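Source: prediction; values computed, not measured.
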Amino acid sequence: MNTEKGFRGSYWIETAPGGEPALPPSSDLAVEVAVIGGGVAGLSTAWKLARRGHEVAVLEADRIAAGVTGHTTAELTALHTLVYDHLRRTRGREGARLYADSQSAAIRRAAEIAADLGIECEWEGAAACTYAEDAERVARLRAGAEAAREAGLPAEFVTDTELPYPVAGAVRVTGQAQFHPVKYLRALTDELRRRGGTVYEGTRVTGLTEGEPCVLATDTGTSVRAREVVVATHYPVFDRALLFTRLSPRRELVVAGTLDADRAPRDMYITPEHNTRSVRSAPYADGKRLLIVTGEHFTPGAPGIADVEERFDRLTAWALSHFPGLTPTHRWATQDNDSTDSVPLVGPLHPGSHHTYVATGFGGWGVSGGIMAGLLIADLVEGREVGWAGLYDPRRLGSVVREGVSFLKHQAHVAKHFVGDRLPPVAAPAPEDLALGDGAVLRVGGHRCAVHRDDSGQLHAVSARCTHLGCLVAFNRAEQAWECPCHGSRFALDGRILQGPAVRPLKRREVRAAWNGQPCSTWTEPLSTPIICTWSPGGRRSAGPGTGC
């Protein structure tokens with residue numbers, strides 16, 4: 001995250017130091033259950049299985065809870081905006097009831113774990129509210145309240161809230177919760193280890209061979225044999241189930257700051273208006289609470305991501321205008337995957353799988369969804385029947401019919417990039433057009449390269465094709481990252497993976513150039529035709545032989 005404006009990153013990660021990282025495995029492993037991913041879904045699954053006596057290993061590519069879970073707003077609720085009205089139309093009243101039951105079970109389970117283990121995770125009971133300021137949305141809110149109540153939630157339609165600005169109406173559900181997600185998961189990880197489970201950080205799984213046992217390959221060169229495998233990587237890193245055709249990545253921004261405690265809302269609020277606005281507060285110090293405002297969602301890597309800084313500014317301006325006295329201190333971004341039928345995909349990885357499971361598609365509600373997934377998958381591993389397994393089953397029949405327009409829209413978006421990214425660019429910018437701190441996809445020596453100029457003027461280049469399925473990446477200046485618009489993979493400036501489904505980094509490309517006559521940078525893994533360019537801040541340029549500059 002670019003912090004040039006003085007903002008700090010994720011408050012959750014900042015205030016829950018992780019200590020020394022758990023080392024990758026030093027040799028090949030053999031365990032009963034291997035869980036890929038150390039976020040809320042993976043750790044919830046691993047902890048429950050370890051508690052039942054299973055030998056479990058968690059393999060995390062980065063640090064525990066440092067990915068999506070460490071950047072969430074940590075609202076633990078079964079009220080997922082107006083999903084119940086949608087579900088009773090697409091899945092019937094029973095489907096809506098099962099959804100409410102399963103999400104509510106996740107909240108109860110998290111509360112029990114926090115209490116039983118004595119986890120200091122700033123747990124607070126709260127109500128969840130979906131609201132609108134526009135009176136034309138009131139009819140939908142009333143229908144949403146009715147559907148949620150019919151599904152078994154204590155839902156009501158209200159017109160008064162504690163927000164410091166008027167609303168036309170809101171759906172309100174009591175008995176929900178909010179907490180510090182990283183403190184909760186790190187305590188869960190400690191308890192997992194006490195029960196004999198193992199955790200490996202800095203261990204990216206790059207391959208899966210299904211069988212008895214299944215075999216996982218890792219980027220450290222070691223392999224893991226496991227009777228059962230759980231893929232809890234947020235976006236599945238294995239495509240054999242073609243789940244990527246039913247998932248749409250969505251990035252969302254977060255701004256947080258301190259506010260006098262008596263002026264901060266204690267319940268949780270969300271509205272689809274203004275390109276989504278979600279508001280809640282967390283305990284702070286010195287008579288303050290931390291106000292957390294989320295919104296400005298967009299597709300990572302899509303046209304227009306260059307305006308992410310403007311989106312941050314809009315979100316900050318909205319927060320300041322609606323909550324006078326707010327002092328912004330933090331900002332970060334999170335990423336979610338929306339399933340095309342609005343229901344998460346949790347269960348067997350594909351129709352032929354007997355020992356592999358997946359948890360994905362939580363649509364912005366990954367805390368309750370991830371805990372629910374842990375309950376469900378642990379029971380499936382043990383062959384237990386679960387009443388709501390069919391609702392979430394990734395193999396569910398008729399889903400494409402139910403997904404309808406959303407499915408086709410997502411496929412058209414991806415197809416546009418697959419085709420368009422392979423056509424010659426209409427006009428590619430030249431290296432001298434890159435401002436300090438900026439980046440763009442340029443044609444260099446006959447290749448598409450993702451080129452970034454750092455604040456000292458040096459150029460850095462990597463392959464511009466995502467290693468997942470080959471779409472062209474785009475530059476997110478605000479977060480200083482390369483992002484894929486097709487399936488949401490994200491890469492650091494040097495090509496390292498920040499977020500899957502990609503499991504291989506972008507290859508570095510050779511760019512020899514000069515800024516004001518001074519050498520800039522030289523990467524290994526050269527192009528077949530390296531370039532040598534010289535330019536000045538004034539835009540004058542000369543090129544070496546055969547460079548195509």
Side-chain angles (χ1 to χ4, degrees), residues 1-2 67-68 71-73 81 233-237 239 242-255 270 272-278 294-315 331-342 344-345 360-366 403-423 439-441 450 464-492 497-502 506:
M1 177 71 67
N2 190 336
V68 174
H71 294 81
T72 181
T73 53
T81 60
T233 53
H234 189 59
Y235 199 116
V237 293
D239 295 328
L242 300 182
L243 294 182
F244 63 86
T245 65
R246 297 162 62 189
L247 294 169
S248 300
R250 167 168 51 93
R251 198 145 184 85
E252 205 153 22
L253 307 183
V254 183
V255 171
I270 187 169
E273 296 171 332
H274 313 291
N275 196 18
T276 306
R277 292 293 184 264
S278 171
T294 308
E296 292 297 324
H297 64 80
F298 59 94
T299 300
I305 66 165
D307 69 354
V308 173
E309 192 67 57
E310 295 176 13
R311 292 177 183 273
F312 267 121
D313 290 343
R314 282 199 296 269
L315 189 63
R331 75 178 197 182
W332 65 89
T334 187
Q335 192 153 314
D336 295 304
N337 297 307
D338 299 312
S339 74
T340 46
D341 69 351
S342 301
L345 304 163
T360 188
F362 297 116
W365 304 102
E403 291 161 12
V405 174
S406 295
F407 178 86
L408 294 175
K409 182 179 179 181
H410 174 56
Q411 293 315 304
H413 166 78
V414 174
K416 179 183 71 174
H417 286 285
F418 272 121
V419 175
D421 288 352
R422 285 154 178 79
L423 297 176
V441 173
R465 293 210 175 273
C466 177
T467 57
H468 177 226
L469 291 179
C471 292
L472 285 181
V473 298
F475 188 63
N476 180 335
R477 180 184 174 108
E479 299 185 75
Q480 293 286 286
W482 298 104
E483 299 179 347
C484 175
C486 289
H487 306 108
S489 294
R490 304 180 67 249
F491 303 87
I497 300 169
L498 298 176
Q499 198 148 9
L506 299 176

To the closest 0.5 Å, what do you measure between CG (Leu498) and CH2 (Trp482)?
12.5 Å
Do you know which two heavy atoms are closest between Pro236 and Leu247, and how far apart they sit?
CD-CD1, 3.7 Å
Any donor and acceptor pair, going by atom type alone, linking the side chain of Glu296 with main-chain N or O of Arg314 inside 3.5 Å?
no
Can you name the closest pair of heavy atoms from Glu252 and Gly295 and give their distance?
CG-O, 3.3 Å
Atom CZ in Phe298, atom CG in Asp307: separation rounded to 0.5 Å?
8.0 Å
Test log, rule side chain to side chain contact (heavy atoms under 4.5 Å, CB included), inputs Phe491 and Glu483:
CA-CA 6 Å; Phe491 303 87; Glu483 299 179 347; over 6 Å; no
Could you tell me which non-hydrogen atom of Ser489 sits nearest to which non-hydrogen atom of Ala502, and how far apart they are?
OG-N, 3.0 Å
Tightest non-hydrogen contact, residues Arg251 and Ala333, listed as NH2-CB, 3.7 Å
Run the side chain to side chain contact (heavy atoms under 4.5 Å, CB included) check on Trp365 and Asp336 step by step: do they pass?
CA-CA 8 Å; Trp365 304 102; Asp336 295 304; over 6 Å; no
Could you pull out the closest heavy-atom pair between Ala450 and Val473, with the gap in Å?
CB-CG2, 4.1 Å
Considering all heavy atoms of both residues, which atom of Val254 and which atom of His71 are nearest to each other, and what is their separation?
CG2-O, 4.4 Å
Roughly how far, to the nearest 0.5 Å, is the NE2 atom of His468 from the CD1 atom of Ile497?
11.0 Å
Distance col, row Arg465:CZ vs Leu506:CG, nearest 0.5 angstrom, shows 11.5 Å
Intermediate values then yes/no, side chain to side chain contact (heavy atoms under 4.5 Å, CB included), Arg277 and Leu315:
CA-CA 8 Å; Arg277 292 293 184 264; Leu315 189 63; 3.7 Å; yes
With no hydrogens and no angle check, is any side-chain donor or acceptor of Arg331 less than 3.5 Å from a backbone partner on Leu253?
no
In chain order, what residues pass the side-chain hydrogen bond (donor to acceptor under 3.5 Å, both in side chains) check against Gln499, with sequence neighbours excluded?
none
List in chain and number order the residues that pass side-chain hydrogen bond (donor to acceptor under 3.5 Å, both in side chains) with Asn337, two or more places apart in sequence or in another chain; answer none if no residue qualifies.
His234
Pairwise distance CH2(Trp332) to CZ(Phe312) - rounded to 0.5 angstrom:
10.0 Å
Hey, does the side chain of Asn476 reach the backbone of Glu479 with a donor-acceptor pair shorter than 3.5 angstrom?
yes
Go through the steps to decide whether Cys486 and Cys471 satisfy the test disulfide (SG to SG under 2.5 Å), and finish with yes or no.
CA-CA 7 Å; Cys486 289; Cys471 292; 2.0 Å; yes
Any chance you could measure Leu243, atom CG, to Thr360, atom OG1, to the nearest 0.5 Å?
7.0 Å
Listed by chain and number, what are the side-chain hydrogen bond (donor to acceptor under 3.5 Å, both in side chains) partners of Thr73, not counting sequence neighbours?
none
Can any side-chain N or O of Asn275 pair as donor or acceptor with the backbone N or O of His297 at less than 3.5 Å?
yes
